[in-house]
Amino acid sequence: MTDEKQIYNFWENTGLFKANIKSSKKTFSLLIPPPNLTGELHIGHAMQHSVLDAIARFRRLQGFDVLLLPGVDHAGIAFENTFDKELKKQNLSKEKLGREKWLEAAWQFKENIYNSVSQSWRFMGLSADWSQEVFSLDEKRKTAVFHQFKKYYDDGLIYKGPYIVQWCPKCNTAIEDLEMEYEEKKEKLYYVRYQVKGQGSKVKGQNFIEIATTRPETIFADTAVAFYRNHPKFKKFVGQKVINPLTKNAIPVIEDKRVEKDFGTGALKITPAHDILDYQIGKDHKLEILHAVNKEGRLTDITGEFCGQKIDEAKEKVVEKLRTLGALSKEEDYIHSVAVCERCKTTIEPLISEEWFVRVEKLAKGAIDVIKKDKIKFLPSNYAKILTDWLNNIHDWCISRSLWWGHRIPVWYPSTREVHPERGRRARSGSSDMKVSLDPPGPDWKQDEQVLDTWFSSGLWPLSTLGWPDKTKEFDRYFPWDFEISAPEIKYLWIARMVMISNYFTGKKPFKTMFFHGTLRDLEGRKFSKSLGNGIEPQYLIDKWGTDATRMALYTYSIPGRDGRVSKETLDERGKNFRNFATKLRNIARFVLELKPPGASHSRPDRESDSHFRGNDKEAVEKVIMPKDDQWIMGKLAKTTKTVTKHLENLELHLASEEIYEFIWHKFADDYIEASKSRRPEAQSTLENILKQTLILLHPFMPFLTEELYQKFEDKQKSILLEKWPSATNA
RNA sequence: GGACCCGUAGCUCAGUUGGUUAGAGCGUUACAUUGACAUUGUAGAGGUCAGAGGUUCGAGUCCUCUCGGGUCCACCA
């Protein structure tokens, strides 16, 4: 049994990865962060899986009933984009298929990806309980998500309405602030004059207000001009009106402290429909809301001749028009960061849309309490503060997405009502003509068109994976989770949500320990990404150096919160190093177990050799029976065992793996084995004893090799997984 | 603007509560090796631990500042 696949199948088929609900052992539960249903395993996943698996295997050997629960996330936007691209290749589209057929095809497509994701996990040796595998869109999760929605709804935490949201015109849905990123872009800053009404003919004194803008195409929807209170330059215009240079509408001049005094010209055009700040100012000043840009990123009919044009092409033409009107005083080059969609890098258009929201204040407050009182152990520890700070400044959560792939919003309307195609339904939460239900309330009801934000279901993951809201035995036994791991970039999107949601529904923390691993970057410190093409496939390393060596290489970078700079070369270096280590260990085993000298005593059962150091007068027994070399190596092993155990318990995998590596190569092989050659027959039982113990200590990190070598012992359990972790005191 | 992290050998990084000559891998130098293992062994070179100041009997480790690199959040008219 040398092939990794073969070993993995042996473990899985023997049921060694399964948690045992009936066991009387203490439990240890680990929740695998569900990878997105989009593609291959990347190096970050490989790191997470290596860490999770080492801890799971360590606890299993220690005698815990371990649950390592696998699952996959449907990943709304990400999957939908991937699938739509696939459809395009087949000359199909959403429009051609319609929702029902599209979903049917999507579920088929899902199967293929799903299998590849699942397969990748097995390559890393992940000892997950596959009998409990979940998918975030399966039936049980559907029920759980519905319960979540219903409870929020009943508790008055859910509301719906037209609000300004971050809109991605390409994904064609609202997204959250957290799903945006910023890109430096070189644009133009245009200085535009708004004539003061009724003073147009005066030559003396300033009769216009000049504003600076990067978005002249939205001037059509300007409904005010504002400046900071008591601004010396503009104070005199308060209460007057200015003329919108494009629409010729008279719009008010207002004061608001949210306008920065020294930014631009000091005056700001207010476009409530297309800017978050403007929206808030407009709301407080009861300004009219006009739309100049629609959800496709095209200009609307209020822009007259520009109607239907895309923003970029319209912008220049609008500028030209302003120029001919004499309203453009100057333009400057301007570099600033622009919000883009993190998925498709399209510029975000803030606009007003009918969406669903969750009031999160109460949830956040509970989460802060849990972090403070219930003491979730964060690694690194400063993440408790980072998360608390965010929770203290939290905004309401927009949970609706205009997609088809996801949990459909469980709200139904009588189908007699016409629906505005752009705006959606106008029903308000609490109105009598809508019902919250998983299934249709009757024959003439139509379901809300939108789906829930993927993180709405992900946030429920610690509960829904254990069968919640049913009162399951699994939930009672394995919740809260002992261990969770995550990349730092989803600490708000996912981790904070899990804490809020778990606390809201159970009053408990979702996990006892939260481990944030660092990010692996290239040698210049950049993140790995598809667009940069700097990614390193874990599969490349696995093929070249083996799974065990790849895992060992990753443990050296698994320190919480520490980023690592790597390249193909540096990872190859480490891969090679640990592949060499694997060879070394293989040779040790060959020497100890296969190349016994003719006079060597037969391998003695462990219990017998153990008794050498378990006598009542331990020291005396050792002195009489154990030669000095044996005493020395046994002492070193005891120390190593203690240290490795301590590091594993502290989740310092980089130290634990280094410690056992050091012992095996430089103590056991270089010193003890070399010295044992002159007294081989006498040393044989110690050689075997040490080898077996080290295999167990190394197993969490290099599972395949240690199982393979363990099988060479005459006296053994069925699998090394059934062995006991050596105790530090009598090793 | 707010918060946080990092700066240790040529490169990538360790260094647990402050405590003897600061470590690893790769690279590098010399030598050895028909031996369990050349995917090896032995020995070595290589560091004013970014800089300055402070606390201490003692600082890579704690405090302050400076310089350099990075991350997250907010904002970007």
Side-chain angles (χ1 to χ4, degrees), chain A residues 177-178 181-182 184-185 187 189-192 210-216 218 222 225-227 258-260 262-271 274-278 334-339 380 382-383 385-390 392-393 395 488-489 491-492 518-521 523-527 545-546 549 552-553 555-557 559-567 569-596 643 646-647 650 652 654-655 657-659 661-662 665-666 669-671 673-674 676-677 680 687:
Chain A
D177 296 7
L178 292 170
E181 49 190 41
Y182 289 89
E184 291 259 294
K185 282 194 181 167
E187 296 196 324
L189 189 60
Y190 302 97
Y191 289 79
V192 182
E210 191 174 73
I211 58 95
T213 182
T214 53
R215 307 218 41 200
T218 65
D222 287 357
V225 168
F227 48 83
R258 283 165 288 192
V259 182
E260 277 197 42
D262 303 317
F263 207 109
T265 64
L268 174 65
K269 75 189 199 63
I270 303 296
T271 323
H274 300 297
D275 183 278
I276 309 274
L277 177 65
D278 293 7
Y334 186 59
I335 296 169
H336 68 149
S337 44
V338 176
N382 62 338
Y383 272 71
K385 185 182 178 308
I386 293 175
L387 288 176
T388 306
D389 287 349
W390 183 77
N392 272 320
N393 284 302
H395 301 296
E489 57 262 34
K491 56 186 177 293
Y492 304 133
T519 307
L520 287 183
R521 303 170 175 280
L523 290 180
E524 283 149 64
R526 298 174 305 182
K527 275 187 190 176
W545 310 112
M552 286 295 274
Y555 292 127
T556 64
Y557 291 103
I559 304 164
R562 292 276 178 100
D563 291 356
R565 294 192 173 196
V566 298
S567 63
E569 288 70 30
T570 63
L571 283 172
D572 270 341
E573 224 171 59
R574 276 169 207 251
K576 186 174 145 197
N577 173 222
F578 290 113
R579 190 276 320 265
N580 291 355
F581 175 61
T583 306
K584 185 80 187 178
L585 186 56
R586 198 169 265 124
N587 275 299
I588 290 172
R590 197 156 80 94
F591 176 79
V592 172
L593 298 173
E594 290 171 19
L595 303 174
K596 291 179 206 175
T643 312
K646 185 187 83 185
H647 288 320
N650 293 341
E652 295 166 318
H654 63 297
L655 297 177
S657 54
E658 193 189 326
E659 187 76 20
Y661 165 96
E662 163 72 20
W665 201 325
H666 301 301
D670 290 348
D671 296 343
I673 291 183
E674 283 307 317
S676 77
K677 285 176 181 169
R680 182 66 196 272
L687 282 169

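To find a chain, count down the sequence lines: A is the first, B the second, and so on, and within it residues start at 1. Atom set for the values below is all heavy atoms of this structure, side chains included, hydrogens, waters and symmetry mates excluded.
Using a 4.0 Å heavy-atom criterion, one finds that A/I211 contacts no nucleic acid atom at all. Using a 4.0 Å heavy-atom distance criterion, A/F578 is classed as making no nucleic acid contact. Contacts of A/V259 with the nucleic acid, taken as non-hydrogen atoms under 4.0 Å apart, include base atoms. Using a 4.0 Å heavy-atom distance criterion, A/K527 is classed as a sugar-phosphate-only contact. If you check every strand for non-hydrogen atoms under 4.0 Å, A/Y555 touches nothing. Within 4.0 Å (heavy atoms only), A/E594 reaches no atom of the nucleic acid at all. A/D670 comes within 4.0 angstrom of the backbone, heavy atoms only, and of no base. A/G561 comes within 4.0 angstrom of no nucleic acid atom, judged by non-hydrogen atoms across all strands.
Taking the P atoms as reference points, B/U21 lies 15 Å from B/G58, given to the whole Å. When the P atom is used for both B/U40 and B/C4, the distance is 46 Å, rounded to whole Å. Comparing the same atom, C1', in B/U42 and in B/C5 gives a spacing of 41 Å after rounding to whole Å. For B/C67 and B/A43, the C1' atoms lie 41 Å apart once the distance is rounded to whole Å. Annotation: B/U39 and B/G47 have their P atoms spaced 31 Å apart (nearest Å). For B/G15 and B/G60, the C1' atoms lie 8 Å apart once the distance is rounded to whole Å. B/C13 and B/U8 are spaced 9 Å apart, taking the P atom of each and rounding to whole Å. Taking the P atom of each, B/A52 and B/C73 are spaced 36 Å apart, rounded to whole Å.
The shortest distance between the side-chain N/O atoms of A/N580 and the OP1/OP2 oxygens of B/U40 is below 4.0 Å. The shortest distance between the side-chain N/O atoms of A/K385 and the OP1/OP2 oxygens of B/C73 is not below 4.0 Å. Side-chain N/O atoms of A/H654 include one lying less than 4.0 angstrom from OP1 or OP2 on B/G15. Regarding contacts with the backbone of B/C4, every side-chain N or O of A/N382 stays at 4.0 angstrom or more from both OP1 and OP2. Considering only side-chain N and O atoms, A/R586 lies nowhere under 4.0 angstrom from the phosphate OP1 or OP2 of B/C37. Close to B/G27, at under 4.0 Å from its OP1 or OP2, lies a side-chain N or O of A/K576. At B/G41, one or more side-chain N or O atoms of A/W665 fall inside 4.0 Å of OP1 or OP2 (strictly under the cut-off). Residue A/R562 places at least one side-chain N or O closer than 4.0 Å to OP1 or OP2 of B/A14. Of the side-chain N and O atoms in A/K677, one or more sit less than 4.0 angstrom from OP1 or OP2 of B/A36.
In plain terms, the two heavy atoms of A/L595 and A/R680 that are nearest each other are O-NH1, 3.1 Å. Here the shortest heavy-atom pairing between A/E210 and A/A267 reads O-CB, 3.8 Å. Listed here is the closest heavy atom pair of A/K269 and A/T271: NZ-OG1, 2.9 Å. Residues A/T519 and A/D563 share a closest heavy-atom pair of N-OD1, 2.9 Å. Counting all heavy atoms, side chain and backbone alike, A/S676 lies closest to A/I673 at OG-O, 2.7 Å. The two residues A/R565 and A/L523 come nearest to each other via the heavy atoms NH1-O, 3.3 Å.
In terms of position on RNA chain B, the residue among A/H647 and A/I673 whose nearest nucleotide sits closer to the 5' end is A/H647. Between A/T265 and A/N650, it is A/N650 whose nearest contact on RNA chain B lies nearer the 5' terminus.
B/C62: Watson-Crick or G-U partner is B/G54, with both key distances under 3.5 Å. Here B/G41 sits opposite B/C31 as a Watson-Crick or G-U wobble pair (both hydrogen-bonding atom distances under 3.5 Å). Searching all strands for a Watson-Crick or G-U wobble partner of B/A24 with both distances below 3.5 Å returns B/U12. Under the Watson-Crick and G-U wobble criteria, each requiring two contacts below 3.5 Å, nucleotide B/G7 is paired to B/C67. The partner of B/U17 is absent, by the rule that a Watson-Crick or G-U pair needs both atom distances under 3.5 Å.
Minimum atom distance to the side chain of A/N587 is reached by B/C37, of the listed B/C37, B/C76, B/A24. Set against B/G41, B/U12, B/A14, the side chain of A/T570 has B/U12 as its closest nucleotide. Listed nucleotides B/U39, B/C37, B/A14 differ in distance to A/K584; the shortest reach to its side chain belongs to B/C37. Across B/A36, B/C13, B/C76, the shortest atom-to-atom separation from the side chain of A/S337 is found for B/C76. Comparing B/C72, B/A74, B/U12 by their nearest atom to the side chain of A/D177 picks out B/A74. Closest to the side chain of A/K491, from the set B/C72, B/C76, B/A36, is B/C72. In the set B/C26, B/G69, B/A36, B/C26 carries the atom at the smallest distance from any side-chain atom of A/N577. Distance from the side chain of A/Y492 is smallest for B/C72 among the nucleotides B/C75, B/A36, B/C72.
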When you look at A/I211 and A/F227, which way does the side chain to side chain contact (heavy atoms under 4.5 Å, CB included) test go after all the steps? CA-CA 10 Å; A/I211 58 95; A/F227 48 83; over 6 Å; no
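Here the C1' atom of nucleotide B/C75 and the NE2 atom of A/H336 are 12 Å apart, to the nearest Å. The interatomic distance linking A/E659 (CD) with B/G25 (P) rounds to 14 Å, in whole Å. When the C1' atom of B/C11 is taken as reference, atom OH of A/Y557 falls 10 Å away, rounded to whole Å. If you measure from atom OH of A/Y383 to atom P of B/U71, you get 13 Å, rounded to the nearest angstrom. The CD-P distance, from A/E573 to B/G27, rounds to 7 Å in whole Å. One interatomic measurement links the two molecules: OH of A/Y661 to C1' of B/G25, which rounds to 7 Å at whole-angstrom precision. Whole-Å rounding puts the A/R590 CZ to B/U39 P distance at 14 Å. For the pair A/N392 CG and B/A3 C1', the interatomic distance rounds to 13 Å; values are reported in whole Å.
If you check distances only, the side chain of A/R579 does reach the base of B/U39 with a donor-acceptor pair under 3.5 Å. On a pure distance criterion of 3.5 Å, no polar donor-acceptor pair joins the side chain of A/T583 and the base of B/C37. Residue side chain A/E674 reaches the base of B/C37 through a donor-acceptor N/O pair under 3.5 Å, judged by distance alone.
The aromatic rings of A/F578 and A/F581 sit perpendicular, their planes meeting at an angle over 60°, well past the 30° parallel limit.
If you check the side chains of A/Y661 and A/N577, you find a donor sitting under 3.5 Å from an acceptor.
Between A/K385 and A/D389 a salt bridge is recorded (basic side-chain N to carboxylate O distance below 4.0 Å).
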